[in-house]
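Working notes, structure below.
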Number of protein chains: 2
Amino acid sequence: MMKLSAKVRYGLLALLELADHYQQSSFLQVDEIVAAQNIPYRYLMQLLISLRRSGIVRSHRGIKGGYCLTKAPENITLLEIVTCLEGIPQPEKSGQASVESVDNLLIEDIWSQANQSVMQLFASYSLKSLSDKRKESRKSNQMYYI
Amino acid sequence: MMKLSAKVRYGLLALLELADHYQQSSFLQVDEIVAAQNIPYRYLMQLLISLRRSGIVRSHRGIKGGYCLTKAPENITLLEIVTCLEGIPQPEKSGQASVESVDNLLIEDIWSQANQSVMQLFASYSLKSLSDKRKESRKSNQMYYI
DNA sequence: AATATTCCATAGTATAATACTATAAAGCAA
DNA sequence: TTGCTTTATAGTATTATACTATGGAATATT
């Protein structure tokens with residue numbers, strides 16, 4: 001129903017790494033992200049380029065280059081991220097070229113509502129809240145190994 | 001984001017036709033559905049078979065055969081329909097075989113929430129409500145031609 | 001029973017989307 | 001300059017989607 005694409009999963013995981021690194025005011029290299037998460041190198045590149053184009057991260061080339069967030073993690077919503085990577089959820093055009101019959105409008109209306117509710121949910125998550133959640137989970141996960 | 005597949009669109013349009021025909025306690029043939037909506041014949045067959053298997057419609061063969069709904073349109077939710085056609089929205093397995101890391105769980109949790117909200121929306125629509133909506137739209141659409 | 005009409009079922013193909021890769025170029029710092 | 005980094009374009013492999021072909025089985029009418 002809601003398909004979770006590798007694109008979003010990878011992009012989000014990368015951004016979580018960048019969020020953790022946000023305080024250090026230095027750039028995190030793609031290699032380091034790849035090491036932390038298990039993401040195909042060249043594929044991640046493309047995602048980072050998209051994220052840079054839409055202003056979520058910025059980059060620096062050269063020997064101490066890499067990527068970092070442009071804003072604080074609490075000011076980046078999951079909605080921005082998904083929208084950037086997946087593109088705008090456009091009405092999908094009913095196949096047979098713009099025959100906007102009553103029936104098609106009816107169906108698109110419902111799908112639009114579904115989109116709205118998902119987008120609302122995504123807007124309620126910031127990168128920081130996700131990062132915090134992750135830290136929590138890690139902590140309580142550690143306890144099993146003591 | 002929410003992708004509206006042809007499968008669901010076609011299936012839903014077919015069911016709307018069956019809903020309109022529900023009173024007549026006779027069977028509506030696939031040809032008639034194809035004539036009303038513009039759906040590829042053999043493709044629609046498969047959808048109808050799926051819908052029959054999950055008990056949403058029943059069929060009758062032979063010279064006065066066809067399809068009809070098994071229950072009244074007000075007792076069929078959009079959720080049943082979508083679930084039948086698209087299958088259960090399963091967690092999608094993180095690609096690299098069941099490595100359920102903390103990070104993957106975090107992401108799957110969010111997607112599960114998104115699914116929940118969409119499913120809740122779909123559950124709130126019955127086939128009858130959609131059929132009524134369609135009739136309304138048609139009526140107000142007619143007015144432009146007077 | 002014969003026959004026409006309908007659905008049933010499996011399997012196959014064509015197109016498009018997704019995920020991933022290759023390669024060359026260009027910027028930056030030491 | 002030289003070695004490190006990102007940038008950009010384009011190409012391939014895999015998978016999902018949408019659709020088709022064909023033969024068969026059930027049913028109602030004659």
Side-chain angles (χ1 to χ4, degrees), chain A residues 1-14 18 26-35 37-68 70 82 85-87 89-90 92-97, chain B residues 1-14 18 26-35 37-68 70 82 85-87 89-90 92-97:
Chain A
M1 202 156 317
M2 278 288 313
K3 175 149 94 177
L4 167 52
S5 67
K7 194 179 279 185
V8 171
R9 153 173 273 127
Y10 287 158
L12 189 48
L13 289 172
L18 289 175
S26 69
F27 292 88
L28 191 62
Q29 293 177 191
V30 179
D31 285 342
E32 303 182 77
I33 298 174
V34 166
Q37 302 294 337
N38 204 28
I39 309 175
Y41 180 83
R42 305 202 189 255
Y43 189 52
L44 178 55
M45 286 292 231
Q46 295 183 65
L47 305 185
L48 287 171
I49 291 172
S50 294
L51 291 167
R52 186 179 55 79
R53 288 210 179 106
S54 57
I56 294 172
V57 303
R58 63 198 171 87
S59 63
H60 211 238
R61 304 199 219 198
I63 204 156
K64 278 194 171 170
Y67 284 89
C68 71
T70 54
V82 173
L85 294 171
E86 295 278 65
Q90 48 185 340
E92 190 78 15
K93 277 295 157 209
S94 79
Q96 54 225 272
Chain B
M1 201 156 320
M2 278 288 311
K3 177 149 91 177
L4 167 52
S5 67
K7 194 180 277 185
V8 171
R9 153 173 274 128
Y10 288 158
L12 188 49
L13 288 173
L18 289 175
S26 69
F27 292 88
L28 190 62
Q29 292 177 193
V30 179
D31 286 341
E32 303 183 78
I33 298 174
V34 167
Q37 302 293 338
N38 203 28
I39 308 175
Y41 180 83
R42 307 207 187 250
Y43 188 53
L44 178 56
M45 286 293 234
Q46 294 183 65
L47 305 185
L48 288 170
I49 291 172
S50 294
L51 290 167
R52 187 179 53 81
R53 287 209 180 108
S54 56
I56 294 172
V57 303
R58 64 199 170 84
S59 63
H60 212 237
R61 303 200 221 199
I63 204 158
K64 279 194 173 172
Y67 284 90
C68 70
T70 55
V82 174
L85 293 172
E86 295 279 63
Q90 47 185 340
E92 190 76 15
K93 276 297 159 208
S94 79
Q96 52 224 276

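Only this structure's heavy atoms are used, side chains among them; waters, hydrogens and symmetry mates stay out. Throughout, a chain's letter reflects where its sequence line sits, starting with A, and its residues are numbered from 1.
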Roughly how far, to the nearest 0.5 Å, is CD of A:Gln46 from CG of A:Leu85? 11.5 Å
So, taking the atom named CD1 in B:Ile39 and the one named CE in B:Met45, what distance separates them when rounded to the nearest 0.5 Å? 12.5 Å
With DNA chain D as reference, determine whether A:Lys64 or A:Arg53 sits nearer its 5' end, using the nearest nucleotide of each. A:Lys64
Would you name the heavy atoms of B:Tyr67 and B:Val57 that are closest together and state the gap between them? CD2-CG2, 3.8 Å
Below 4.5 Å, heavy atoms only, C-beta onward: do B:Ile33 and B:Leu13 meet side chain to side chain? no
So which nucleotide from D:dA8, D:dT5, C:dC7 ends up closest to the side chain of B:Gln29? C:dC7
Can you tell me the distance, in whole Å, between the CG atom of A:Leu13 and the P atom of C:dA19? 14 Å
Should the side chain of B:Arg61 and the base of D:dA25 be counted as holding a donor-acceptor pair, with the cut-off at 3.5 Å? yes
Length of the line joining A:Asp31:CG and D:dC4:P, which is rounded to integer Å: 11 Å
Does C:dT6 have its OP1 or OP2 closer than 4.0 Å to a side-chain nitrogen or oxygen of B:Ser59? no
Smallest heavy-atom separation, A:Ser26 atom then A:Cys68 atom, equals O-CB, 4.1 Å
Specify the closest pair of heavy atoms between A:Phe27 and A:Gly66, including all atoms of both residues, with the distance to one decimal. CD2-O, 3.5 Å
Measure the distance from CD on A:Glu32 to P on D:dC4 and round it to the nearest whole Å. 15 Å
Looking at B:Tyr41, I'd like to know whether one of its side-chain N or O atoms comes within less than 4.0 Å of OP1 or OP2 on D:dC19. no
May I ask you to say what B:Lys7 touches in the nucleic acid, namely base, sugar-phosphate or nothing, with a heavy-atom cut-off under 4.0 Å? sugar-phosphate
Please check: side-chain N/O of B:Thr70 versus main-chain N/O of B:Ile56, any donor-acceptor pairing under 3.5 Å? yes
Separation of D:dA18 atom P from B:Asn38 atom CG, nearest Å, is 16 Å
Strand contacts (DNA chain C) in residues 42-51 of chain A, 4.0 angstrom heavy-atom criterion: A:Arg42, A:Tyr43, A:Gln46
Within the structure, does a side-chain N or O atom of B:Arg58 lie under 4.0 Å from either OP1 or OP2 of C:dC8? no
Measure the distance from CZ on B:Phe27 to P on C:dC8 and round it to the nearest whole Å. 11 Å
Please report, rounded to the nearest Å, how far the P atom of D:dA25 is from the NE2 atom of B:His60. 19 Å
Residue B:Ile63, side-chain heavy atoms: nucleotide from C:dC20, C:dC8, D:dT29 that is nearest: D:dT29
